[in-house]
Amino acid sequence: MSYTIYVRMKKLGKQKSSDLQTVPCVLDEKPQTVRELLTALTILGVRQYNARKDDGKILAYLTKEDIAEQASRGKVISDLRGGEDASESRAVENTIQCFEDGIYRVFAGETELTSLSDAIPWTENMLFTFIRLTMLAGL
């Protein structure tokens, strides 16, 4: 049986909260802890990436609209793919390490989840928000 959760992601300073898109994520089962949530979402992301990376594009072209939209987000890329598949185990390891290092924060509704062992406080229509904290370096 699969379970659908709803996720939105934000990079500090890059988007207005009104620009955040809620994305449905279909997981194999309902996660009970933060570790299970992060693991399931990471595996889903790796599988989606691996499935689309070799979709037959030899050369990608960007329209003026694509360039303008991507430029407003701060990065323009051509979406060319290829190479080896991403590793699920390495991606999960990286995800967990980044959470432990405070690179991003996870919220279940309005509640911040601060530990990998935290139980997820499930409510109806739960929305998860991931906020990537951008580290600034200066002279």
Pick from Leu116, Thr111, Asp118: which one makes a side-chain contact (heavy atoms from CB on, under 4.5 Å) with Thr114?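 It is Asp118, the one option of Leu116, Thr111, Asp118 that forms the side-chain contact (heavy atoms from CB on, under 4.5 Å) with Thr114.
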
What residue among Val7, Leu113, Leu41 forms side-chain contact (heavy atoms from CB on, under 4.5 Å) with Val106?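 The residue from Val7, Leu113, Leu41 that satisfies side-chain contact (heavy atoms from CB on, under 4.5 Å) with Val106 turns out to be Leu113.
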
Find out whether Met126 and Ile5 are in side-chain contact, i.e. whether some heavy atom of one side chain is under 4.5 Å from a heavy atom of the other.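 With C-beta onward as the side chain, the pair stays apart.
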
Rounded distance [0.5 Å steps], [atom1] in [X] versus [atom2] in [Y]:
X	Y	atom1	atom2	answer
Thr42	Arg90	OG1	CZ	14.0 Å
Leu27	Ser2	CG	OG	8.5 Å
Arg35	Glu100	CZ	CD	6.5 Å
Leu38	Phe130	CG	CZ	5.5 Å
Ile103	Asn94	CD1	CG	9.5 Å

Please indicate whether Glu93 has more than 12 foreign heavy atoms, meaning atoms of other residues, nucleotides or ligands, lying under 6.0 Å from its CD.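 At most 12 heavy atoms, drawn from other residues, nucleotides or ligands, come within 6.0 Å of this atom.
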
Is the number of heavy atoms from other residues, nucleotides or ligands within 6.0 Å of CD (Glu110) greater than 12?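 Open: at most 12 neighbouring heavy atoms sit under 6.0 Å from CD of Glu110.
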
What pair of heavy atoms forms the shortest contact from [X] to [Y], and how long is it?
X	Y	answer
Ala91	Val46	CB-CG2, 3.4 Å
Pro24	Thr4	CB-CG2, 4.0 Å
Thr33	Ile120	O-CD1, 3.5 Å
Glu29	Tyr3	C-CB, 4.0 Å
Asn50	Asp85	OD1-CA, 3.3 Å

Check whether Val23 and Leu127 end up in the same hydrophobic cluster, where Ile, Leu, Val, Met, Phe, Trp and Tyr are linked by side-chain heavy atoms less than 4.5 Å apart.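 In one cluster with Val23: Leu127, no.
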
Can you label the angle between the Phe99 ring and the Tyr104 ring as parallel, tilted or perpendicular, going by 30° and 60°?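 Geometry flag for Tyr104 against Phe99: tilted rings.
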
Show, in sequence, the C-alpha distance, side-chain angles and deciding distance for Ile43 and Val92, and conclude whether the side-chain contact (heavy atoms from CB on, under 4.5 Å) test is met. CA-CA 7 Å; Ile43 289 171; Val92 168; 3.9 Å; yes

Looking at Lys30 and Glu36, is there a salt bridge between them, counting it only when a charged N and a carboxylate O are closer than 4.0 Å?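 Looking at Glu36 and Lys30, the cut-off is not met.
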
Arg8 and Thr129: CA distance, side-chain angles, deciding distance, side chain to side chain donor-acceptor pair (under 3.5 Å) verdict: CA-CA 5 Å; Arg8 63 184 176 176; Thr129 304; 2.9 Å; yes

